[in-house]
Enquirer: 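Handing you a structure now.
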Amino acid sequence: MTISIDNLQAIHQQNLNEVILDGVLKVGDRNYEVKQINNTISVTRSGLEETSTLGRMANAVYDFFARMLTSGESAITTRACQLTNSLQEMNNINQSVDAVLTEVNFANSVLKNGHSRENHIETCIETMGEDSKDQGQIRQLLNDPNYSSALFSSITECPNDGSRFIAHFGDNEIVLSNRAGGTGEYRGVLLREQLENTEYDSLTELISQNYLTENDSMLIYSATGIKNKLKAVTSEFPHLRQQVIDKLQDEMIGNINFGTFCSDAKSLD
């Protein structure tokens with residue numbers, strides 16, 4: 001069954017695979033032949049094989065003025081050429097989406113099979129504490145209800161030690177790392193902000209809120225292939241980058257969707 005559209009803009013609402021499989025596209029009262037060889041798509045006007053040279057010229061003049069009077073069309077570019085460009089762009093987007101989606105699935109497989117919540121907590125402890133003594137204290141207090149957001153009172157700096165700060169929970173306190181965090185390392189600014197501004201019943205809950213999110217160092221590491229592939233497939237056609245992101249925005253990476261991942265500047269640095 002021939003696919004029919006009223007105008008060139010409507011081509012973007014069509015399924016590219018169906019257009020290529022059918023091989024014939026009707027725009028208004030004009031028919032076009034669609035072919036794909038490898039990754040290259042071509043569109044040619046059909047129905048002119050038996051038309052005389054004069055008839056072809058008359059058709060060309062008619063089509064020129066039709067394009068000139070049609071909103072969203074280029075008068076100087078044939079509809080066949082415009083269709084070719086549109087379908088080729090749709091093909092480039094689809095191929096880019098498939099390539100990035102492969103990396104998304106691989107990252108999720110790595111996270112599912114090699115990154116438990118317990119592993120996440122232990123990794124965070126190693127960055128929350130400056131040394132084995134501090135880390136040991138954190139482990140001992142992980143499930144202590146005295147270290148909850150309800151009892152959190154303040155943060156003070158460690159005297160003569162800029163690498164540490166002290167989090168106070170009423171009469172209780174814990175020494176934590178004040179170093180700048182990178183690639184999801186749980187310390188410094190992020191740790192301070194979440195101590196002050198999030199809800200948690202224990203240090204275990206405080207740490208776990210970042211599991212499989214944009215603040216999870218393992219997710220950031222596993223997603224390296226995703227951001228590299230996104231850059232690679234859109235390097236030749238950078239104007240298509242946002243369209244690829246839009247098509248994948250609801251795909252999940254861990255517990256965050258692709259749109260959130262890409263909106264975080266750190267994720268795509």
Side-chain angles (χ1 to χ4, degrees), residues 107-108 110-224 226-227 249-269:
N108 282 325
V110 171
L111 292 170
K112 179 180 179 180
N113 297 314
H115 185 48
S116 65
R117 189 178 299 272
E118 292 72 20
N119 172 261
H120 170 72
I121 291 173
E122 181 57 33
T123 299
C124 288
I125 290 173
E126 292 175 1
T127 58
M128 291 169 70
E130 277 295 291
D131 55 27
S132 58
K133 179 182 177 181
D134 292 348
Q135 293 165 8
Q137 182 191 29
I138 297 168
R139 290 189 185 93
Q140 291 178 355
L141 300 176
L142 275 178
N143 298 308
D144 189 330
N146 290 312
Y147 293 82
S148 67
S149 57
L151 297 175
F152 173 81
S153 52
S154 65
I155 288 176
T156 58
E157 309 303 324
C158 274
N160 304 317
D161 187 354
S163 67
R164 291 175 168 88
F165 68 87
I166 304 171
H168 299 270
F169 298 81
D171 295 331
N172 300 301
E173 62 183 41
I174 185 171
V175 178
L176 300 167
S177 175
N178 199 36
R179 295 183 188 274
T183 61
E185 294 170 336
Y186 199 40
R187 57 190 179 191
V189 173
L190 175 62
L191 178 53
R192 293 170 72 124
E193 287 181 347
Q194 293 193 340
L195 281 165
E196 294 178 316
N197 301 316
T198 62
E199 295 185 3
Y200 49 93
D201 292 331
S202 64
L203 294 178
T204 293
E205 276 198 16
L206 172 71
I207 299 169
S208 295
Q209 66 184 301
N210 295 317
Y211 178 57
L212 295 180
T213 73
E214 64 271 24
N215 292 320
D216 185 335
S217 59
M218 184 63 178
L219 184 144
I220 294 172
Y221 173 78
S222 300
T224 299
I226 299 173
K227 65 180 183 181
Q249 63 178 346
D250 294 328
E251 293 292 332
M252 299 301 293
I253 307 171
N255 289 336
I256 63 173
N257 62 44
F258 192 82
T260 299
F261 173 76
C262 291
S263 68
D264 179 2
K266 294 182 297 183
S267 299
L268 297 180
D269 285 344

Enquirer: Distance from Ser177 atom OG to Ile138 atom CD1, nearest 0.5 Å?
Expert: 9.0 Å
Enquirer: Not counting sequence neighbours, which residues clear salt bridge (Lys or Arg N to Asp or Glu O under 4.0 Å) with Glu251? List them please.
Expert: none
Enquirer: Do Asn255 and Thr213 have a side chain donor and acceptor closer than 3.5 Å?
Expert: no
Enquirer: Is any side-chain heavy atom of Cys158 closer than 4.5 Å to one of Val175?
Expert: yes
Enquirer: Roughly how far apart are Asp250 CG and Phe258 CZ, rounded to 0.5 Å?
Expert: 11.5 Å
Enquirer: Looking at every heavy atom in both Glu130 and Arg164, which two are closest together, and how far apart are they?
Expert: CB-NH2, 3.4 Å
Enquirer: Can you name the residues that form a side chain to side chain contact (heavy atoms under 4.5 Å, CB included) with Arg117, not counting sequence neighbours?
Expert: Ile121, Ser208, Tyr211
Enquirer: Using the side-chain contact (heavy atoms from CB on, under 4.5 Å) definition, which of the options Thr183, Leu212, Val110, Thr123 pairs with Met218?
Expert: Val110
Enquirer: Are side-chain heavy atoms of Thr260 and Ile253 found at a separation under 4.5 Å?
Expert: no
Enquirer: Is there a donor-acceptor pair closer than 3.5 Å between any side-chain N or O of Asn119 and the backbone N or O of His115?
Expert: no
Enquirer: How many angstroms lie between CG in Leu203 and SG in Cys124, if you round to the nearest 0.5 Å?
Expert: 11.5 Å
Enquirer: Over all heavy atoms of both residues, which pair between Ser202 and Leu142 is shortest? Give the atoms and the distance, please.
Expert: CB-O, 3.3 Å
Enquirer: Roughly how far apart are Asn215 CG and Glu193 CD, rounded to 0.5 Å?
Expert: 9.5 Å
Enquirer: Under the 3.5 angstrom rule, does the side chain of Ser153 hit a backbone N or O of His168 as a donor-acceptor pair?
Expert: yes
Enquirer: For residues Ala167 and Ile155, report the shortest heavy-atom separation together with the two atoms involved.
Expert: CA-CG1, 4.4 Å
Enquirer: Give every residue pair that meets the ring pair (Phe, Tyr, Trp, His ring centres under 6.0 Å) criterion with at least one member in residues 170-195, sequence neighbours excluded.
Expert: none
Enquirer: Please name all residues satisfying side-chain hydrogen bond (donor to acceptor under 3.5 Å, both in side chains) with Asn108, sequence neighbours left out, ordered by chain then number.
Expert: none
Enquirer: According to side-chain hydrogen bond (donor to acceptor under 3.5 Å, both in side chains), who are the partners of Asn160, at least two apart in sequence or on a separate chain?
Expert: none
Enquirer: Around atom CG of Asn197, are there more than 12 heavy atoms from other residues, nucleotides or ligands closer than 6.0 Å?
Expert: yes
Enquirer: For Gln249, does the CD atom have more than 12 heavy-atom neighbours from other residues, nucleotides or ligands under 6.0 Å away?
Expert: yes
Enquirer: Could you tell me which non-hydrogen atom of Leu219 sits nearest to which non-hydrogen atom of Gly254, and how far apart they are?
Expert: CD1-CA, 4.0 Å
Enquirer: Suppose the criterion is ring pair (Phe, Tyr, Trp, His ring centres under 6.0 Å): which pairs have a residue in residues 127-163, not counting sequence neighbours?
Expert: Tyr147-Phe169, Phe152-Phe169
Enquirer: Does a salt bridge link Glu157 with Arg192, judged by any charged N lying under 4.0 Å from a carboxylate O?
Expert: yes
Enquirer: Can you give me the closest heavy-atom contact between Gly184 and Ile220, atom names plus distance?
Expert: N-CD1, 3.6 Å
Enquirer: Which is it for Ile207 and Tyr200 under the side-chain contact (heavy atoms from CB on, under 4.5 Å) test, yes or no, and what are the steps along the way?
Expert: CA-CA 9 Å; Ile207 299 169; Tyr200 49 93; over 6 Å; no
Enquirer: Determine the sole option in Ile174, Leu141, Asn172 for which the side-chain contact (heavy atoms from CB on, under 4.5 Å) test with Asn146 is passed.
Expert: Asn172
Enquirer: How long is the span from the NE2 atom in His120 to the CG atom in Leu111, to the nearest 0.5 Å?
Expert: 11.5 Å
Enquirer: Looking at every non-hydrogen atom in both residues, tell me the closest pair between Ser163 and Asp161 and how far apart they are.
Expert: OG-OD1, 2.5 Å
Enquirer: Output the distance between atom CD (Gln135) and atom CD (Glu122), rounded to the nearest 0.5 Å.
Expert: 7.5 Å
